[in-house]
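Note that the structure is predicted; figures quoted are calculated from it, not measured.
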Amino acid sequence: MSTTQQGTHSLAFRVMRLCKPSFHVEPPFRLDPADLFVGEDIFDDPLAAANLPPLLSSQLTKSMDSSDLTYGNRFLLHHPSDAMGFSGLLLLPQSFGAIYLGETFCSYISINNNSNFEVRDIIIKAEIQTERQRILLLDTSKSPVESVRAGGRYDFIVEHDVKELGAHTLVCTALYNDNDGERKYLPQFFKFVVANPLSVRTKVRTVKETTYLEACIENHTKSNLYMDQVEFEPAPHWSATVLKADELHPADNSSTGGREIFKPPILIRSGGGIHNYLYQLKLASPDSAQMKVEGTNILGKLQITWRTNLGEPGRLQTQQILGTVHLNLTNHTDRELGPFEVQLSQNSAHEEKKVMINGLQTMVLPQVEAFGSTDFHLSLIATKLGVQRISGITVSDTTEKKTYDPLPDVEIFVESD
């Protein structure tokens, strides 16, 4: 949609989105002649399978006689691919069309001189305006276009990586000298909306010391998406391994060094198609220290790249994926230590408590063998929703009367049931 300021101008902007063409599809109503006479299971009979195809083929050849001006064969399948309705033509974009988050918006812009005289010293600007920011795409202030003759034009291309949802406006402006020497200002606005191409739903489960992350990706576009990469980037201290139900083409380690030369993309069909990914997450080995306690609920984020039917690329990165708070006490010495006491230090009496321990204020942990570790959980109650910070978790060795460095602050996300 284009809007412009009222007034008489010699120049006008014309905008076309640059993207791959689409297939021109004619909804087919085509028939195989065999379907008119026999059923689908007729070729299960060996006698029919041997004699019927030549008979049907000869009749079909006669019906396709080019001298038949009645076009009686226009509803017949001349080739199996005719059933898809592809005409063999490609359709250029007729409008901005659907624009999705993660794509690159590319536009061909032409500024036309519709007057009968030349305009000079043209300063052109092109910007993308969103609800949050204004991004400059082109500015010829330092090198204005010298002139555009009567009936002529000046063309350029702009690109923008789409990183925000919602309403967007392509703002095109021109400052130029008219025939009578008057300096004129032309603004034009082209509006479009950016939608979300896919949704990512995650589920986290912890079994003993292993955490499993399931990611379900759903396609909301009208085009098939071919997923080139759905990679989980783990947070520090985590390692991630993708789990697959089966390996149809396992890599040959002897010839490829354990890496795949070609990984076929995964198809997620248009209009609600889904695909599930499963990752196994484990805490990495901590650095050397006598005793160490770790805790976090930030697991990492997903990097997703895809292409459409004709190769248009897209890329998205999810927000940090949160899991349950995992606490682990590790003994890095060659002797047994403990027992231990774990407690959450209280904040100042004047500071509002947003996260509190539910039950006993001190937890007792058993002895930890040499180079061993133990997992533990604190039962906490949050008094406010949203992102909350837990600080002051300390561990003391009751035998050696020693208190270790407190656990670094842990951020959790609290939501209502």
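Looking at Arg120 and Glu146, a side-chain N of the basic residue comes within less than 4.0 Å of a carboxylate O on the acidic one, giving a salt bridge. A salt bridge links Glu103 and Arg17; the closest N-O separation between the charged side-chain nitrogens and carboxylate oxygens is under 4.0 Å.
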Stepwise side chain to side chain donor-acceptor pair (under 3.5 Å) check, Glu231 with Gln303: CA-CA 5 Å; Glu231 181 179 344; Gln303 295 281 1; over 6 Å; no
CA sep, side-chain torsions, deciding dist, call: Tyr100, His220, side chain to side chain donor-acceptor pair (under 3.5 Å): CA-CA 10 Å; Tyr100 294 104; His220 295 301; over 6 Å; no
Candidate pair Asn177 and Val119, rule side-chain contact (heavy atoms from CB on, under 4.5 Å), full reasoning: CA-CA 6 Å; Asn177 287 333; Val119 296; over 6 Å; no
Candidate pair Asp178 and Ser10, rule side chain to side chain donor-acceptor pair (under 3.5 Å), full reasoning: CA-CA 7 Å; Asp178 214 337; Ser10 303; 3.1 Å; yes
Stepwise side-chain contact (heavy atoms from CB on, under 4.5 Å) check, Thr211 with Val204: CA-CA 7 Å; Thr211 297; Val204 179; 3.5 Å; yes
Audit row: Leu329, Leu365, side-chain contact (heavy atoms from CB on, under 4.5 Å) steps and yes/no: CA-CA 9 Å; Leu329 182 65; Leu365 298 179; 4.0 Å; yes
Trace of the side chain to side chain donor-acceptor pair (under 3.5 Å) decision for Thr130 with Glu164: CA-CA 8 Å; Thr130 70; Glu164 294 183 39; 3.1 Å; yes
From CA spacing to verdict: side-chain contact (heavy atoms from CB on, under 4.5 Å), Leu11, Tyr176: CA-CA 9 Å; Leu11 300 178; Tyr176 63 97; 3.6 Å; yes
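In this structure, Leu225 and Leu198 have side chains that are in contact, with non-hydrogen atoms separated by less than 4.5 Å. The shortest distance between side-chain heavy atoms of Val242 and Leu278 does not fall below 4.5 Å. In this structure the side chain of Val15 never reaches within 4.5 angstrom of the side chain of Tyr108, judged on heavy atoms. The side-chain heavy atoms of Thr169 and Ile128, taken from C-beta on, include no pair separated by under 4.5 Å. For the pair Lys184 and Leu186, the minimum side-chain heavy-atom distance is 4.5 Å or more. With contacts defined as side-chain heavy-atom distances shorter than 4.5 Å, the pair Lys125/Ser141 qualifies. Between Ile109 and Ile157, every side-chain heavy-atom pair lies at or beyond the 4.5 Å cut-off. Counting heavy atoms from C-beta outward, Ile268 and Ile274 have side chains that stay 4.5 Å or more apart.
Counting all heavy atoms, side chain and backbone alike, Ser110 lies closest to Asp155 at OG-OD1, 2.7 Å. Asp228 approaches Pro265 most closely through the heavy-atom pair OD1-CB, 3.9 Å. The minimum heavy-atom distance linking Trp306 with Met227 is given by the pair CB-SD, 3.8 Å. Contact between Phe340 and Pro366 at its shortest, heavy atoms only, is CD1-O, 3.8 Å. Considering all non-hydrogen atoms of both residues, Ser270 and Asn219 come closest at CA-ND2, 3.4 Å. Nearest approach of Leu281 to Ala240, heavy atoms of both residues: CD2-CB, 3.4 Å.
Sorted by first then second residue, the ring pair (Phe, Tyr, Trp, His ring centres under 6.0 Å) pairs that include residues 129-168, not counting sequence neighbours, are His168-Phe192.
Here the side chain of Asn113 pairs a donor or acceptor atom with the backbone of Val148 at under 3.5 angstrom. With hydrogens and angles ignored, the 3.5 Å screen pairs a side-chain donor or acceptor of Thr221 with a backbone N or O of Ser223. Distance alone, capped at 3.5 Å, places no donor-acceptor pair between the Asn224 side chain and the Arg269 backbone. In this structure, Thr104 contributes its side chain and Asp161 its backbone to no donor-acceptor pair below 3.5 Å. Judged by distance alone, with hydrogens and angles left aside, the side-chain atoms of Thr308 form a donor-acceptor pair with the main-chain N or O of Glu312 at under 3.5 Å. A donor-acceptor contact shorter than 3.5 Å is absent between the side chain of Glu214 and the backbone of Thr202. A donor-acceptor distance shorter than 3.5 angstrom exists from the side chain of Ser115 to the backbone of Phe117, with no hydrogens or angles considered.
Between Ile304 atom CD1 and Phe232 atom CZ the span is 11.5 Å, to the nearest 0.5 Å. Considering CE of Met16 and CZ of Phe190, their distance stands at 13.0 Å, rounded to 0.5 Å. Going from atom CZ of Arg153 over to atom CG of Asn114 covers 12.0 Å, rounded to the nearest 0.5 Å. Atom CD of residue Glu127 and atom CG of residue Leu170 lie 9.5 Å apart, to the nearest 0.5 angstrom. Going from atom CD of Glu233 over to atom NZ of Lys301 covers 6.0 Å, rounded to the nearest 0.5 Å. Rounding to the nearest 0.5 angstrom, the gap separating the CD1 atom in Ile111 from the CZ atom in Phe13 is 3.5 Å.
By the 6.0 Å contact criterion, CD on Gln320 is enclosed, its count of non-hydrogen atoms from other residues, nucleotides or ligands being greater than 12. Annotation: Asp180, atom CG; neighbour count of heavy atoms from other residues, nucleotides and ligands within 6.0 Å is above 12. Counted within 6.0 Å of CZ on Arg132, heavy atoms from surrounding residues, nucleotides or ligands total 12 or fewer; the atom is thus considered open.
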